[in-house]
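Heads up, the thing below is written out as structure tokens.
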Amino acid sequence: PKGHLSWSPDGKWLAFAGHTDARDVWGATDPHVWILPAAGGEGRDLLQQIDRPAGDWVLGDLQSFGGGESGPLWLPDSRGVLALVSDCGASHLYYLPREGAPQLLTPGLRGEVG
């Protein structure tokens, strides 16, 4: 399953949210952010190193459950995307470079206000 297709600004890449378990009809498999060369080739999971779902999957009284999948947003230089990743009751913003490790941009305690 794939969703939230996003073209890179340079037109050379596609990013999307999805996973590789075609048998998962109930949505139990965490969606990750993937990129794929627009010219063809193998896709790559940019969240492979993180066992958490891409998107805002936090349950709370301000959002109904089930609407949390959000797509990747390309940076203007096409070197990577920004994406939300849910973890232990919080959604964090990550920079996911085409090459290299994911970088957490919003560190801090879960539920921290201020």
Side-chain angles (χ1 to χ4, degrees):
K2 297 175 248 355
H4 306 288
L5 182 66
S6 175
W7 284 95
S8 65
D10 65 8
K12 296 180 182 179
W13 298 89
L14 295 168
F16 59 91
H19 59 77
T20 59
D21 187 357
R23 299 173 297 149
D24 179 9
V25 296
W26 295 103
T29 304
D30 286 342
H32 279 193
V33 175
W34 291 73
I35 60 168
L36 179 70
E42 290 293 316
R44 193 166 74 250
D45 180 356
L46 297 182
L47 285 175
Q48 184 176 9
Q49 300 171 8
I50 300 174
D51 183 22
R52 296 291 182 258
D56 180 10
W57 294 100
V58 176
L59 234 125
D61 60 357
L62 300 177
Q63 167 186 349
S64 63
F65 182 72
E69 191 174 349
S70 60
L73 175 66
W74 283 97
L75 294 178
D77 62 8
S78 298
R79 291 183 183 211
V81 299
L82 298 174
L84 292 176
V85 176
S86 293
D87 182 19
C88 299
S91 287
H92 291 284
L93 184 63
Y94 274 81
Y95 168 56
L96 307 173
R98 286 193 338 246
E99 302 291 334
Q103 299 171 23
L104 175 63
L105 299 179
T106 55
L109 299 175
R110 293 179 290 283
E112 183 177 287
V113 178

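Values below: all heavy atoms of this structure, side chains included; hydrogens, waters and symmetry mates excluded. All figures in this text were calculated on a predicted structure; none of them were measured in a lab.
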Going by salt bridge (charged side-chain N to carboxylate O under 4.0 Å, His left out), name the residues that satisfy it together with Glu42, two or more places apart in sequence or in a different chain.
none
Might you point out which heavy atoms bring Pro102 and Pro97 nearest each other, and give the distance in Å?
CA-CD, 4.3 Å
CG/Leu46 to NE2/His32 distance, rounded to the nearest 0.5 angstrom?
10.5 Å
May I ask you to check whether over 12 heavy atoms, not counting those of Gln103, lie within 6.0 Å of atom CD?
yes
Would you call Trp13 and Pro37 a side-chain contact if the rule is heavy atoms closer than 4.5 Å?
yes
CG of Leu14 to OG of Ser8, rounded to nearest 0.5 Å, is 7.5 Å
Please output the side-chain donor-acceptor pairs of residues 76-83 that fall under 3.5 Å, not counting sequence neighbours, one pair per line with the distance.
residue : atom : partner : partner atom : Å
Asp77   : OD1  : Arg79   : N            : 3.0
Ser78   : OG   : Asp10   : N            : 3.0

Shortest non-hydrogen contact from Leu5 toward Phe16
CA-CB, 4.3 Å
One should read off an interatomic distance between Leu73 CG and Leu96 CG, to the nearest 0.5 angstrom, of 11.0 Å
Please round to the nearest 0.5 Å and tell me the distance separating atom OG1 of Thr106 and atom CG of Leu93.
5.5 Å
